[in-house]
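Okay, so here's the structure we're looking at.
Just so you know, these numbers use all the heavy atoms, side chains as well, and skip hydrogens, waters and symmetry mates. All ligand and atom numbering here is 1-based and tracks the order in the structure.
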Amino acid sequence: MIFRERLLTGQVALVTGGGTGIGFGVASQLARCGADVVVASRKPEHIEPAAARLREHGVRALPVGVNVREPDSVRAMVEHAAEEFGRIDVLVNNAAGNFYAPSADLSPKGWRAVVETDLYGTFFCSQAVYPIMARQGGGRIIAISMTLHYRGWPQMAHATAAKAGIDALTRTLALEWAPANITVNAIAPGPIPTEGAQRAFATGDTSTAGIDEEMRRLIPLGRWGTPEDIGNMTVYVASPAGAWITGAVFVVDGGSSLART
Ligand code: NAP
């Protein structure tokens with residue numbers, strides 16, 4: 001454990017998509033530091049076992065069903081969390097989905113599914129926690145972005161457009177909500193081989209030959225990222241160390257977005 005135990009004791013964090021992959025890594029690091037955690041997503045089979053594992057850290061953990069694309073569902077999630085724990089100090093907008101699709105063939109339904117989950121979901125959740133955080137005297141909103149829209153990423157028009165929107169939203173909300181002492185930041189992970197990422201990027205080629213060589217070419221620091229790497233950055237931003245940081249996008253990617261491909 002690299003942070004002080006009980007660093008976040010007394011705080012309540014809500015992590016969307018907190019039952020799997022990076023979201024669970026984030027929720028776990030927050031719980032290890034003493035925060036009570038709400039893990040919210042669509043599938044009970046993701047969030048219920050996750051909440052049980054988070055309780056092993058000695059904190060309260062609540063699974064809440066939500067579809068972040070639906071403002072009513074998001075409002076109900078936030079009300080449920082606030083009723084149960086009385087406050088919300090940290091919101092992590094992590095829920096997302098994507099899949100490879102050539103832009104010429106991308107259906108309106110496929111475009112909407114990704115843009116609404118990633119970008120609209122981030123806005124709806126941020127807007128829903130705003131009055132609670134403002135009433136409490138402040139809070140921390142953290143979006144999980146990406147780095148692949150800094151250049152271009154063929155067949156990912158929906159996800160790159162949505163994440164670029166999230167970065168812009170982060171800067172705008174940071175200015176708008178600073179007077180309420182609410183900081184708004186984003187973390188941009190590099191490649192992290194979660195099950196979700198492997199599913200989204202599956203090409204049908206299951207051969208692992210050459211994968212280590214490819215990884216070393218793509219990631220200067222010489223290893224894949226882990227959900228804990230993103231969890232640690234989240235704890236930093238949520239902790240008192242993050243008090244004077246707003247509107248920032250933290251790249252946590254082993255140098256991969258700078259490397260020549
Ligand atoms: P993941 O495990 O598939 O995470 C996605 C999560 O979002 C799931 O827990 C899913 O839970 C939830 N979700 C999807 N649609 C939702 C909806 N409409 N409403 C509520 N929850 C929804 O994949 P991951 O790799 O950990 O990705 C997590 C985040 O990191 C994403 O924002 C992704 O863009 C970002 N990221 C990942 C990488 C990487 O290499 N892995 C790199 C850069 C950025 P349910 O199915 O239960 O709803």
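Set against the non-hydrogen atoms of Pro191, the atoms of ligand 1 under 4.0 Å away are 40 (O). Applying the 4.0 Å criterion to heavy atoms of Ile144 picks out, from ligand 1, the atoms 29 (C), 30 (O), 32 (O), 35 (C). Proximity to Lys163 (heavy-atom distance under 4.0 Å) selects the following atoms of ligand 1: 31 (C), 32 (O), 33 (C), 34 (O). Close approach of ligand 1 to Gly190 (heavy-atom distance below 4.0 Å) involves ligand atoms 40 (O), 42 (C). When each atom of ligand 1 is checked for a heavy atom of Gly21 under 4.0 Å away, the hits are 2 (O), 26 (O). In the vicinity of Met146, heavy-atom distances shorter than 4.0 Å reach the ligand 1 atoms 43 (C), 44 (C). Numbered from 1 in the order shown, with element, the atoms of ligand 1 that lie under 4.0 Å from a heavy atom of Thr194 read 23 (O), 24 (P), 25 (O), 26 (O), 41 (N). Of all the atoms in ligand 1, the ones that sit under 4.0 Å from a non-hydrogen atom of Val66 are 19 (N), 20 (C).
Contacts between Ser145 and ligand 1, counted as non-hydrogen atom pairs separated by less than 4.0 Å, involve the backbone only. The parts of Asn67 lying near ligand 1 are both backbone and side chain, judged by heavy-atom distances below 4.0 Å. Heavy atoms of Arg42 found under 4.0 angstrom from ligand 1 belong to the backbone as well as the side chain.
Counted by atom type alone, Asp229 and Thr226 present one or more donor-acceptor pairs between their side chains at under 3.5 Å.
Checked against a 3.5 angstrom limit, the closest N/O atoms of Val68 and ligand 1 fall inside it. At a 3.5 angstrom cut-off on N or O pairs, Ile192 counts as close to ligand 1. The shortest N or O to N or O distance between Asp118 and ligand 1 is not below 3.5 Å. In terms of N/O distances under 3.5 Å, ligand 1 is approached by Thr20.
Glu116 CD to Thr122 OG1: the interatomic distance, rounded to the nearest 0.5 Å, is 12.5 Å. For the atom pair Glu84 CD and Arg87 CZ, the distance stands at 15.5 Å (nearest 0.5 Å). The distance from the CG atom of Leu173 to the CD1 atom of Ile166 is 11.0 Å, given to the nearest 0.5 Å.
The shortest heavy-atom distance from Ala188 to ligand 1 is not under 4.0 Å. In this structure, Gly97 does not count as a contact residue of ligand 1, since none of its heavy atoms falls inside 4.0 Å of the ligand.
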Tell me which donor-acceptor pairs under 3.5 Å the side chains of residues 50-58 have, and how far apart each pair is, sequence neighbours excluded?
residue : atom : partner : partner atom : Å
Arg55   : NE   : Ala61   : O            : 3.2
Arg55   : NH2  : Ala61   : O            : 2.9

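Take Asp36 and apply the side-chain hydrogen bond (donor to acceptor under 3.5 Å, both in side chains) test, not counting sequence neighbours, and it matches Arg60.
Distance alone, capped at 3.5 Å, is enough to place a donor-acceptor pair between the Arg140 side chain and the Ser239 backbone.
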